[in-house]
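Keep in mind that what you see is a predicted model, and the values were worked out from it rather than measured.
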Amino acid sequence: MFPFVVFKLVTMGLLFWEGPEGGPSEHIGPSTLEEQTSLWQDVWTMDRDLSEDDSVVDLSFEAESPLAPPTELLERLPSYDWLLQAGRGQTFFPPLEALGRPQEQRSWSSFLEHRVPVMTEEVAREALLSFVNSKCCYSSTVAGDLVIRELNQQTLCRYRLETFSESRISEWTFQPFTNHSVDGPQRGASPRLWDIKVQVPPMFQEDIRKFQVPHSSLVKECHKCHGRGRYKCSGCHGAGTVRCPSCCGAKRKAKQSRRCQLCAGSGRRRCSTCSGRGNKTCATCKGEKKLLHFIQLVIMWKNSLFEFVSEHRLNCPRELLAKAKGENLFKDENSVVYPIVDFPLRDISLASQRGIAEHSAALASRARVLQQRQTIELIPLTEVHYWYQGKTYVYYIYGTDHQVYVVDYPERYCCGCTIM
């Protein structure tokens, strides 16, 4: 072990030296807050137009990286404020964009004209029969003979906010060099990550794609095999043969005078790890001896979801209502949506304000919002009280497709036995 462990933090010329455990750290670089702020402002104000040479190449190869990127690669990329430490990448913040004006206050009278059909005894019985027929352990006799005593119907509202965002991070990686052209810094300055134009997937469909940053490539000797393309086999230590597992190298079987048949009396067997060659092709450079180091752009498109179901007085699990099929009452989709105001159910208005605020706070510093969509759905919920063989029971019908939740069904069977 070395007495000192050195970590490089390359962020616009800043360098930190960390001493032994518990020891002080020495800082080399801009020391005052004004100097560091000036450097950051210089980076943020960088802007350039992309030329035809700034084309983006899709990546399909991934490999394990050594501990640190080549120093030459970092020194020759002045347009990036890289933070490449311990194999981790740097998140780049998107440029700030001015928001438009909030939409005008809406009138909800037209929206509330939507009405969910009133639940009847016939529909309630059919919903239960359909549910029972889908269960192997429920008796359909109960659904046919029960007497419905009371229907308590309530209409809930479900608010949902979706925010489709894009975030970009930089990673340093490599792949075997196969003597193709190298797009290095000599071809021009690398564009900043948010200047690279890529095809955006369909809205609200998550995806992750990787691209090679233009003009960021550098060819170096393979760090694994030190430029040899091969390395000594660990199984036979370069000999190509190993001791015979049958006779343990004695050439003859123990307590027998005849020679070993497995090794033909030689006491050695061909190494199965390297097939007798004594060395193996370097898995890192695939035998090419050199590696192409470069910076890659990782773009993540994510759909963040916020949901809220209005309060109700019935004893139906909220997780079922969150997944229930509802009738669409309102939909608003735009690059930026604004809180709903003056909705008849105050909880929905508050949920809209809370959801938009949460998404804004979570994404403002690490992603760019591409599209937002907020909806309000009506979810019918009915509590059905019924009588069967002198006892009162209850079940619930929820959603526009009449899903059923049964609290305690009178007759259930398991492996042919009745559950009393």
Side-chain angles (χ1 to χ4, degrees), residues 108-161 305-331 340 342-352 374-420:
W108 296 105
S109 58
S110 59
F111 294 108
L112 294 179
E113 292 176 0
H114 293 76
R115 289 292 183 269
V116 178
V118 176
M119 180 63 62
T120 63
E121 291 188 9
E122 181 182 0
V123 174
R125 191 183 301 273
E126 289 178 356
L128 182 61
L129 278 170
S130 177
F131 170 79
V132 168
N133 290 333
S134 67
K135 305 293 181 181
C136 62
C137 298
Y138 284 66
S139 171
S140 59
T141 303
V142 177
D145 297 342
L146 62 82
V147 178
I148 295 178
R149 293 288 184 84
E150 185 179 2
L151 297 173
N152 295 330
Q153 187 169 5
Q154 185 176 355
T155 301
L156 311 179
C157 285
R158 179 175 59 203
Y159 172 80
R160 176 179 290 150
L161 171 67
L305 180 64
F306 175 91
E307 283 187 325
F308 173 81
V309 178
S310 61
E311 296 294 333
H312 62 90
R313 298 179 300 275
L314 305 181
N315 194 28
C316 185
R318 296 186 65 85
E319 57 269 20
L320 295 179
L321 300 176
K323 301 176 181 179
K325 185 177 181 181
E327 180 183 0
N328 188 55
L329 177 66
F330 168 75
K331 178 181 178 180
I340 296 172
D342 293 339
F343 191 76
L345 292 178
R346 186 169 180 270
D347 287 347
I348 296 296
S349 296
L350 294 177
S352 175
Q374 60 181 345
T375 59
I376 299 177
E377 295 174 284
L378 292 177
I379 303 176
L381 175 62
T382 303
E383 184 180 60
V384 183
H385 294 265
Y386 65 96
W387 182 88
Y388 180 76
Q389 293 186 351
K391 292 184 179 181
T392 301
Y393 301 89
V394 65
Y395 67 92
Y396 295 90
I397 304 174
Y398 62 94
T400 55
D401 53 351
H402 297 162
Q403 296 294 310
V404 172
Y405 169 67
V406 177
V407 178
D408 186 16
Y409 197 71
E411 293 184 10
R412 287 182 295 165
Y413 306 92
C414 182
C415 301
C417 300
T418 303
I419 301 176
M420 303 302 294

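Note: L146 CG to R125 CZ = 4.5 Å, rounded to the nearest 0.5 Å. I348 CD1 to R158 CZ: the interatomic distance, rounded to the nearest 0.5 Å, is 10.5 Å. Separating the OG1 atom in T375 from the NZ atom in K331 is a distance of 8.5 Å, to the nearest 0.5 Å. Note that CD of E383 is 7.5 Å distant from CD of E150, once rounded to the nearest 0.5 Å. To the nearest 0.5 Å, atom CD of residue E327 and atom CD1 of residue I379 are 11.0 Å apart. If you take CG on L378 and OG1 on T400, they are separated by 10.0 Å, rounding to the nearest 0.5 Å.
The two residues E311 and D347 have their closest heavy-atom pair at CG-OD2, 3.7 Å. Residues Y388 and P410 share a closest heavy-atom pair of CD2-CB, 3.8 Å. The shortest non-hydrogen separation linking L129 to G144 is CD2-N, 4.4 Å. Across all non-hydrogen atoms, the minimal contact from V406 to F131 is CG2-CE2, 3.3 Å. Looking at every heavy atom in both residues, A324 comes nearest to Y398 through CB-CD1, 3.7 Å.
Between H385 and N152, some side-chain heavy-atom pair lies under the 4.5 Å cut-off. Between C157 and F330 the shortest side-chain heavy-atom distance does not fall below 4.5 Å. Within the 4.5 Å cutoff, no side-chain heavy atoms of M119 are placed close to those of P380. Looking at heavy atoms from C-beta onward, L320 lies out of side-chain contact with Y396 at the 4.5 angstrom threshold. Counting heavy atoms from C-beta on, the side chains of L314 and L381 come closer than 4.5 Å. L128 places none of its side-chain heavy atoms less than 4.5 Å from the side chain of V384. Under the 4.5 Å side-chain criterion, counting only non-hydrogen atoms from C-beta, Y393 is not in contact with V142. In this structure, H312 and L321 have side chains that are in contact, with non-hydrogen atoms separated by less than 4.5 Å.
No donor-acceptor pair closer than 3.5 Å links the side chain of S310 to the backbone N or O of L156. R149 contributes no side-chain N or O that, together with a main-chain N or O of T392, makes up a donor-acceptor pair within less than 3.5 Å. Side chain of S352 to main chain of S349: no donor-acceptor pair is present (N/O by atom type, distance under 3.5 Å, no hydrogens or angles). When atom types are taken as modelled, the side chain of Y395 and the backbone of A124 share a donor-acceptor pair closer than 3.5 angstrom.
Atom CG of N315 sits in a sparse spot, with 12 or fewer heavy atoms from other residues, nucleotides or ligands closer than 6.0 Å. Within 6.0 Å of CZ in R318 there are more than 12 heavy atoms belonging to other residues, nucleotides or ligands.
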Apply side-chain contact (heavy atoms from CB on, under 4.5 Å) to residues L345 and Y159 and explain how you reach the verdict.
CA-CA 11 Å; L345 292 178; Y159 172 80; over 6 Å; no

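Judged as a salt bridge (charged side-chain N to carboxylate O under 4.0 Å, His left out), and not counting sequence neighbours, E319 has no contacts. Residues passing the salt bridge (charged side-chain N to carboxylate O under 4.0 Å, His left out) test with E307, sequence neighbours excluded: R160.
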